[in-house]
Amino acid sequence: MDTLSEAVANGTATAATRTTKDIVKERFKEDETIEYIFEAYQIKGPEYSNRLLALVSSQSGGTFAIIAFSYLRTPLSSANELIINKVFAIDHNFQLRQDSKSSITTQQFDLSTAEDGPIKYYYYATESHHYEEFVAKVISFKSTMAQHDPETVLNFRWLNDYRQIGEVKQELKKRESEYIVYKDIIIYCATWNVNNKTCSDSNNPLRAWLACSEKPPDIYAIGLQELDTPTKAMLNSTQVQAIEKQWIDKMMDSVHPDVEYEILMSHRLVATMLTVIVRKQLRQHIIRCRPKSVARGIFNTLGNKGGVAISLQLNEGNICFVNSHLAAHMGYVEERNQDYNAIVEGIRFDDGRTISDHDHIFWVGDLNYRIQEPPGQQRPGPLSDAQTYELLLQYDQLRQEMRRGKCFEGYTEGEIKFRPTYKYDPGTDNYDSSEKQRAPAYCDRVLWKGTRIEQLAYNSIMEIRQSDHKPVYAVFQVKVKTRDEVKYKRVQEEVLKAVDKRENDNQPQINVEKTVIDFGTVRFNEPSTRDFNVYNNCPLPVDFSFKEKDIHAICEPWLHVDPRQDSLLIDSARSIRLKMNANVRTIAGLLRKIRASDNFDILILHVENGRDIFITVTGDYQPSCFGLSMETMCRTDRPLSEYSQDQIKQLMNDESPEYRVTMPREFFLLIDYLYRQGSKQVGAFPSYDSRLSLGAQFNSVRDWLDTWSDDPFPANAETAAQALLLLLDLPEHALLEPVVENLLECTNKSQAMDYISLLSPPKRNVFMHLCMFLRAGIESQFYDLHQVASTFGRILLRSTERAAWMDYHSRCIQFMRLFIDTDVEAMGNGNEGAGTGTGSGSGTRAGLQA
Ligand SMILES: O=P(O)(O)O[C@@H]1[C@H](O)[C@H](O)[C@@H](OP(=O)(O)O)[C@H](OP(=O)(O)O)[C@H]1O
């Protein structure tokens with residue numbers, strides 16, 4: 001993975017110091033469909049963290065979640081630093097979306113090859129308007145994560161709040177006038193009762209109907225009625241589907257030839273169909289599209305009559321099209337009104353919208369209202385066409401009912417300047433000559449309701465003759481609400497800032513003087529402290545506490561934090577004291593930590609009801625021989641004081657079997673010094689527990705050893721003995737690891753030697769050399785055999801399993817006696833060429849070369 005600076009350079013990250021929320025907002029602000037953002041982050045040990053962001057968004061026709069993954073493998077060196085390097089979207093079936101929006105999809109992400117191994121637990125989605133349900137899913141997701149990886153510290157927080165989203169939306173709505181512009185589009189509405197006739201006529205007579213406008217329409221809404229007889233349509237769905245397809249294909253062949261179109265949606269109720277066709281270029285601006293129908297007719301349920309509607313959102317405008325076929329026959333005015341009202345009441349789209357919840361509504365259909373002239377009416381003649389239409393329309397039931405407020409309230413219809421479209425002898429322009437003798441009527445109509453609609457044309461097509469109805473069309477110019485993106489972004493930014501500010505003002509937060517606490521040079525057995533301040537500049541009192549990472553531990557054992565928790569009044573500050581102590585109890589852990597990382601710790605400062613702040617604790621550990629393994633020390637070629645933390649880290653991680661010396665010089669120097677003290681050593685090893693209480697002279701011994709000083713030994717035999725015990729005791733693993741368990745079982749020396757021979761050469765040599773030294777001391781009666789066997793046995797055979805041995809201590813003593821008791825048979829030659837030091841008395845460094 002990129003380092004942060006590389007990531008910034010490569011564009012895979014935005015910045016280092018902003019908060020997660022800032023970065024998410026920055027990256028995603030263009031996608032205003034994002035509804036919720038939450039973040040789950042893990043800290044596996046404090047070295048690195050996996051963060052997982054979920055940006056949950058809703059889109060037309062369903063919902064989906066966008067997941068952004070961020071792997072922070074580098075130390076969390078500054079609070080809330082985040083690299084968003086993997087972003088993709090999943091749909092509500094938890095499938096990766098191939099069509100993830102390019103603006104937010106930076107990279108395809110292969111789950112099976114995630115750097116941290118397969119990650120199995122972040123699939124969820126939600127209906128954005130079901131907030132409660134979503135929260136429940138998130139909570140169960142959190143517990144799944146916790147079960148999956150219980151040792152992980154899991155933090156979980158909302159980066160934004162659904163209430164905030166609501167607030168943002170509301171504010172944006174209030175300021176609509178600042179960014180809304182109106183764009184003209186041409187909508188072509190058409191209706192035709194096709195009288196169960198097929199569309200397989202020669203040439204293309206539908207062109208005369210659908211391609212007659214001068215300008216190519218942007219949207220077509222075409223309503224057909226009587227695609228098939230009601231019985232066939234209800235009983236033979238395969239046949240009616242085939243008919244439906246033929247008509248749609250025919251429509252697509254017949255739309256304006258100057259522009260490319262595509263079908264947006266077609267919806268059918270029995271034999272009544274509504275098809276919406278849009279310009280291809282316009283498709284991307286249609287945000288949602290939903291159908292609905294209401295069945296009327298026989299028993300008011302069978303659907304031989306009724307209405308079909310399609311709702312869509314184009315840019316910021318909501319448009320609804322309705323095609324209806326209402327009750328037939330002269331006397332059924334009331335039934336038609338009832339059908340109309342049933343459709344208005346019955347249409348409720350999936351998002352809860354009704355027909356009237358749209359900015360622009362277009363209603364087409366065979367409304368079946370008739371012309372009901374008073375009986376015995378005498379027509380004045382001769383009349384022009386226009387005068388005839390005007391006269392007829394005086395008796396038009398639809399207009400009468402609209403005036404009476406019985407139907408189509410608020411709707412407008414353009415002037416009718418065409419002949420009644422019903423009822424013709426099919427194939428002719430002659431009115432019904434059958435025995436039914438239906439009176440001509442304007443059954444086929446187009447009405448509209450809403451703002452910024454201008455009708456450009458309204459007509460019928462006489463030359464299309466296959467049905468007993470003539471097709472009708474109306475062309476509209478509609479000004480559709482559209483966002484000026486530049487202005488919108490500006491307003492949105494202002495709104496986000498304002499809402500954010502309000503939110504931050506209301507959210508407890510504290511400022512931390514620094515998020516990296518550097519201890520500088522840290523030395524073994526030299527505690528140091530660092531203080532830093534936290535301030536409360538927010539208008540609320542704030543409680544803070546350091547979060548427990550392990551059971552009851554807020555920090556690593558070499559650190560101490562005071563206070564662990566406190567309250568801060570408004571405008572107050574508190575000093576926090578960190579103590580660092582690399583001592584006999586903590587050094588092994590600290591060295592293990594250094595081996596794996598560059599930081600001493602990462603503290604999580606938790607603000608009650610606010611967000612967590614990470615505090616990195618660092619420093620330069622000055623290597624010392626105490627705590628290092630015999631192997632690591634045998635790899636050094638100069639005094640430890642000349643090594644840096646980084647260099648010693650490398651040596652600790654070196655696993656090659658190559659060593660520069662047979663045993664550590666520091667060990668050799670101590671033994672050599674003690675040996676030369678002769679009888680002054682008496683009482684130098686008082687007890688096992690005495691090894692831990694370090695005297696004032698100890699640090700001079702530490703420096704003497706770590707610098708390979710040529711000065712005389714700076715302390716007495718007792719301090720040297722204590723240093724020797726610690727040299728053996730402080731490394732992470734006991735000197736006789738990994739054969740401790742076997743050695744505790746041994747009853748004779750040759751058996752024990754077999755196991756000793758399995759140790760690494762540095763450990764083996766140290767052991768053998770030590771035994772010779774102790775044996776000599778015992779022989780000279782400087783040491784008490786039992787005392788020394790007990791102390792060294794427990795150090796060399798240190799075991800976490802020791803509770804398993806009832807007689808652990810006596811086994812330790814028994815083992816040591818095999819090697820240091822003069823009464824036990826003389827020791828075999830197990831030392832591999834190391835000078836004993838006891839014999840030469842020289843302590844020469846050259847004598848140690850491997
Ligand atoms: O399609 P549906 O639901 O069966 O309804 C028929 C449809 O409205 C026809 O247009 C109508 O013929 P007219 O146009 O000739 O009135 C017929 O009347 P009819 O039964 O009197 O033939 C109705 O039954």
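Whatever order the structure lists them in is the order used to number ligands and atoms, beginning at 1.
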(request) Verify salt bridge (Lys or Arg N to Asp or Glu O under 4.0 Å) between Glu260 and Lys280, making sure each step is shown before the conclusion. (result) CA-CA 6 Å; Glu260 270 197 89; Lys280 270 201 167 136; 3.2 Å; yes

(message) Please confirm whether the ring centroid of Phe408 lies under 6.0 Å from the ring centroid of Trp363.
(response) yes

(request) Decide whether Gln239 and Asp228 meet the rule of one side-chain donor and one side-chain acceptor closer than 3.5 Å. (result) yes

(request) Measure the distance from atom 18 (O) of ligand 1 to every protein heavy atom, then report the residue, atom name and distance (to 0.1 Å) of the closest one. (result) His329 CE1, 3.1 Å

(message) Out of all atoms in ligand 1, which are within 4.0 Å of some heavy atom of Ala328? Include the element for each.
(response) 8 (O)

(message) Could you work out, for atom 21 (O) of ligand 1, the closest of Arg438, Arg370, Lys436 by heavy-atom distance?
(response) Arg438

(message) Which residue and atom name correspond to the protein heavy atom nearest atom 2 (P) of ligand 1, and how close is it?
(response) Lys305 NZ, 3.3 Å

(message) Distance alone, cut at 3.5 Å: any donor-acceptor contact between the side chains of Asp357 and Thr354?
(response) yes

(message) Check for me whether Pro230 has a heavy atom closer than 4.0 Å to any atom of ligand 1.
(response) yes

(message) Suppose we screen for ring pair (Phe, Tyr, Trp, His ring centres under 6.0 Å). Which residues come up paired with Tyr188, at least two apart in sequence or across chains?
(response) Tyr220, Tyr473

(request) Return the set of residues passing ring pair (Phe, Tyr, Trp, His ring centres under 6.0 Å) with His469 (not counting sequence neighbours), or none when no residue passes. (result) Tyr422

(message) Starting from atom 13 (P) of ligand 1, what is the nearest protein heavy atom, named by residue and atom, and what distance separates them?
(response) Tyr422 OH, 3.3 Å

(request) Distance to 0.1 Å, residue and atom name: give those for the protein heavy atom nearest to atom 10 (O) of ligand 1. (result) Glu226 OE2, 3.2 Å

(request) If you have a sec, work out which protein heavy atom is nearest atom 15 (O) of ligand 1 and how many Å separate them, to one decimal? (result) Lys423 NZ, 2.5 Å

